[in-house]
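None of the values given here were measured: they were computed from a predicted structure. In listed order, ligands and their atoms are each counted from 1.
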Amino acid sequence: MKRTAACLISLSVFAALTNVAAAANASNGQTLAKRWCATCHVVAADQKSGSTQASPFSAIAGKPGFDEHKLAFFLLDPHPRMPDMNLSRSEAADLAAYIGSQK
Ligand code: HEC
């Protein structure tokens with residue numbers, strides 16, 4: 001009985017860990033970026049232009065000290081000059097992973 005319980009616990013810990021690893025999905029981030037961010041930001045190399053005030057995602061990724069985790073948190077916090085996107089944690093992580101992939 002004890003062994004079964006221990007086994008179940010380690011299985012659920014394993015499931016939780018793989019969930020975290022699978023949480024950031026750059027290709028889903030790309031879909032989200034094209035849908036929600038492309039009106040202002042240049043989100044991909046094949047995009048011609050965005051708003052002049054918003055940095056292209058490749059420039060954001062190229063900043064010194066760029067950190068995907070910090071970016072994901074930044075995206076959850078409504079930004080003064082950006083509309084509040086109401087992103088979920090996993091959407092923010094996916095977007096950050098996508099932006100990070102443009103380094
Ligand atoms: C309505 C236009 C608009 C939309 C839509 C928009 N942004 Fe922005 N974003 C801006 C502007 C303008 C700035 C610059 C803000 C500033 O300098 O204070 C900015 C800044 C940022 C920054 C910080 C850049 C830096 O240099 O530190 C990030 C990251 C960012 N946006 C990500 C996103 C993501 C991801 C989305 C889509 C979910 C998005 N934005 C959608 C206008 C927009």
Can you list the ligand 1 atoms lying under 4.0 Å from a non-hydrogen atom of [X]?
X: Leu95; answer: 38 (C)
X: Thr39; answer: 5 (C)
X: Lys63; answer: 25 (C), 26 (O), 27 (O)
X: Cys40; answer: 1 (C), 2 (C), 3 (C), 4 (C), 5 (C), 42 (C), 43 (C)
X: Ser55; answer: 26 (O)

Just by distance, do the side chain of [X] and the backbone of [Y] share a donor-acceptor pair under 3.5 Å?
X: Gln30; Y: Tyr98; value: no
X: Glu91; Y: Ser88; value: yes
X: Asp94; Y: Asn25; value: yes

_Leu71 and ligand 1 - part of the residue with a heavy-atom distance under 4.0 Å_ = side chain
*So which of Val42, Val43, Ile99, Leu75 actually passes side-chain contact (heavy atoms from CB on, under 4.5 Å) with Cys37?*
Val43
_Selected option - heavy-atom contact closest to atom 6 (C) of ligand 1, from His41, Glu91, Arg35_ = His41
*Show your reasoning for whether side-chain contact (heavy atoms from CB on, under 4.5 Å) applies to Ile60 and His41.*
CA-CA 10 Å; Ile60 295 171; His41 294 270; 4.2 Å; yes
_Reported CZ-to-CG distance for the pair Phe74 and Asp67, which is rounded to 0.5 angstrom_ = 13.5 Å
